[in-house]
2 protein chains.
Amino acid sequence: MTSGRLYGDAAHDHDHRFRCVSLVPLFAALSEKDRHRIAESSVTRRYERGEHVFRAGERLDLHIVHRGRVKVYRLLESGSEQLIRILGAGEFLGETAVLSETEVDHFAVALDDAEVCSIDRRRILAVLTERPSVAVTMLQTVSQRLSAAEQMVSSLTGRSVEQRLAEHLLQLAYDADSLRFRLPSSKKDLASYLGTTAETLSRRLSALQKSGAIRLGPGRFVEICDEQVLRSGADAD
Amino acid sequence: MTSGRLYGDAAHDHDHRFRCVSLVPLFAALSEKDRHRIAESSVTRRYERGEHVFRAGERLDLHIVHRGRVKVYRLLESGSEQLIRILGAGEFLGETAVLSETEVDHFAVALDDAEVCSIDRRRILAVLTERPSVAVTMLQTVSQRLSAAEQMVSSLTGRSVEQRLAEHLLQLAYDADSLRFRLPSSKKDLASYLGTTAETLSRRLSALQKSGAIRLGPGRFVEICDEQVLRSGADAD
DNA sequence: CGCAACGTTGATTTGCATCAACCGTTGTGG
DNA sequence: CCACAACGGTTGATGCAAATCAACGTTGCG
């Protein structure tokens with residue numbers, strides 16, 4: 001079922017995996033020995049852009065992104081996809097399946113050529129119970145994700161697409177620490193993330209540009225011209 | 001800031017708190033000594049129906065419901081409220097604030113006369129790092145909540161109010177293990193939980209009744225007459 | 001009893017999805 | 001190397017689900 005290609009040489013492979021494991025924030029506080037133990041029961045695979053890391057219905061181990069970005073999404077009955085989040089290097093996914101022993105109900109696909117390592121479910125459960133720092137770190141991450149998801153729920157019921165969009169643009173600017181930045185994903189994916197369609201997103205972006213709040217350049221470039229206007233649109237009224 | 005009334009007699013108070021702590025699933029695996037330690041740094045308060053356990057903007061400890069139900073909600077800019085979840089005895093809230101040391105952005109109010117105990121943030125963090133079973137249990141709960149929240153996000157963008165309602169009714173029937181049951185909350189709250197308005201909910205319920213899928217009785221009673229019809233409405237089409 | 005919150009129904013408006021056509025870019029196979 | 005398919009993106013026209021506004025009935029509580 002799982003796609004991707006295994007590494008070649010076994011010895012070099014373990015070194016590589018060990019180095020990867022060592023870079024994962026989740027395992028930052030662990031001893032070298034612990035990290036070796038984790039690396040042993042991990043499998044690292046490469047995925048080409050567009051290749052699926054996993055699909056709904058599979059039973060999964062914990063996955064950690066080492067290189068590239070991985071898009072996690074859900075398939076709606078209508079056939080369209082709902083983007084849940086995009087993960088970068090060092091971030092994990094599949095924790096729900098590991099923790100509750102259920103099948104996953106979402107998909108993960110590589111946005112770039114990527115490298116993802118999966119850690120055996122039992123091993124990670126053992127680590128969680130033996131190394132509280134790992135459990136607490138994971139708990140912090142998951143609870144932040146929960147918080148974000150609940151924000152999103154409120155946003156979807158209480159705010160317009162334009163408000164959500166404006167808020168998201170401000171967030172992107174904050175992350176980039178600049179008023180000029182590139183959208184990190186296609187507009188299609190952004191629309192899906194904001195819970196709307198590509199058409200509506202396009203219209204809302206144009207509207208923001210006409211109002212003078214932002215300027216759209218080629219290649220997904222965005223410049224926030226009037227932060228006040230944008231923010232007043234994002235806030236309540 | 002915090003409302004509610006403290007217990008009287010200190011000795012009896014500790015016994016009471018200890019008994020309460022012992023009943024909490026989260027602490028099930030702990031030793032008696034550990035539970036005493038937790039009970040010591042806890043404060044149990046009673047809340048009348050309608051009284052707030054906490055409000056947005058406060059810095060919080062971990063709260064555990066001992067008796068009654070507590071409604072957690074968010075206030076939208078429009079002034080209306082978005083119900084996040086309803087907690088019963090043994091369930092906890094406020095974990096995000098504890099874990100990320102942030103202020104809470106939501107409210108909690110007692111739905112019945114309730115008893116809620118709050119455990120000092122530092123103490124619970126200490127327990128989490130010293131007793132992995134607690135961290136793993138909490139992790140399971142939080143990740144289930146995350147999963148539910150992400151389901152909700154998909155639901156809000158991809159399904160109609162009637163579909164969400166039908167699915168929820170089936171879930172309630174499943175929980176009650178009967179095709180006849182009472183709505184656990186006011187229709188106002190149910191509407192808020194489903195991300196819609198009281199008016200729309202009322203109309204959708206009537207529509208389901210007209211279609212013969214359900215029957216509405218007095219006092220929030222609901223009977224599922226035709227599960228097939230209801231389920232076909234809830235599923236894709 | 002009387003007030004307040006809950007609940008229902010009707011009329012109206014609207015934001016957004018949907019359907020459809022079209023353009024520019026990318027990439028691919030003949 | 002060109003043709004053409006495939007995809008991302010934009011714009012326009014149309015339909016509809018659900019919010020909103022408003023009025024009224026109902027329940028429950030001090």
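Residue numbers begin at 1 in each chain, while the letters A, B, ... track the order of the sequences. FYI, side chains are in, hydrogens and waters are out, and symmetry mates aren't considered; it's all heavy atoms of this structure.
- Regarding contacts with the backbone of dA19(D), a side-chain N or O of T196(B) is found under 4.0 angstrom from either OP1 or OP2.
- Between K187(B) and the phosphate of dC6(C), there is no side-chain N or O to OP1/OP2 separation shorter than 4.0 Å.
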message = Could you go through E81(B) and K188(B), starting from their C-alpha distance and side-chain angles, then the distance that decides it, and tell me whether this counts as salt bridge (charged side-chain N to carboxylate O under 4.0 Å, His left out)?
response = CA-CA 10 Å; E81(B) 57 180 61; K188(B) 194 166 160 281; 5.0 Å; no
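- Residue contacts for R220(B): at a heavy-atom cut-off of 4.0 Å it reaches the sugar-phosphate backbone alone, with no base atom in range.
- Across the protein-nucleic acid pair, L76(A) atom CG and dA17(C) atom P stand 12 Å apart, rounded to whole Å.
- Counting atom types as modelled, E162(A) pairs no side-chain N or O with a base atom of dC16(C) as donor and acceptor under 3.5 Å.
- No hydrogens or angles were tested; on distance alone, nothing pairs the side chain of R203(A) with the base of dG9(D) as donor and acceptor under 3.5 Å.
- Distances were taken from every side-chain heavy atom of T197(A) (C-beta onward) to each of dG9(D), dA18(D), dT18(C); the shortest belongs to dT18(C).
- Put simply, CG on D189(B) is 14 Å from P on dA5(C), counting in whole angstrom units.
- Judged by distance alone, the side chain of D113(A) and the main-chain N or O of E48(A) form no donor-acceptor pair under 3.5 Å.
- Atom CG in D112(B) sits about 16 Å away from atom C1' in dG28(D), given to the nearest Å.
- Cation-pi check for R145(B) over F92(B) is met; the charged atom lies under 6.0 angstrom from the ring centroid and within 45 degrees of its normal.
- In this structure, L165(B) places its CG atom 15 Å from C1' of dA17(D), rounding to the nearest Å.
- Computed from coordinates, the L205(A) CG to dG8(D) C1' distance equals 14 Å when rounded to whole Å.
- Rounded to whole Å, the distance from CD on E81(A) to P on dG8(D) is 9 Å.
- Contact check, S206(B) against dT9(C): a side-chain N or O comes under 4.0 Å of OP1 or OP2.
- Rounded to whole Å, the distance from NZ on K188(B) to P on dC6(C) is 4 Å.
- Contact between the side-chain N/O atoms of S202(B) and the OP1/OP2 oxygens of dG7(C) is not found at any separation under 4.0 Å.
- Within the 4.0 angstrom heavy-atom criterion, no nucleotide atom of any strand lies near G50(B).
- For S186(B) and dC6(C), the shortest distance from a side-chain N or O to OP1 or OP2 is not below 4.0 Å.
- Rounding to whole angstrom units, CZ of residue R49(B) and P of dA4(C) are separated by 17 Å.
- Contacts of G158(A) with the nucleic acid, taken as non-hydrogen atoms under 4.0 Å apart, are absent.
- Classification of R74(B) and D105(B) as a salt-bridged pair holds, one side-chain N sitting under 4.0 Å from a carboxylate O.
- Heavy-atom nearest nucleotides on DNA chain D were determined for S160(B) and for T200(A), and the one closer to the 5' end corresponds to T200(A).
- With hydrogens and angles disregarded, no donor-acceptor distance shorter than 3.5 Å links the side chain of R69(A) to the backbone of I86(A).
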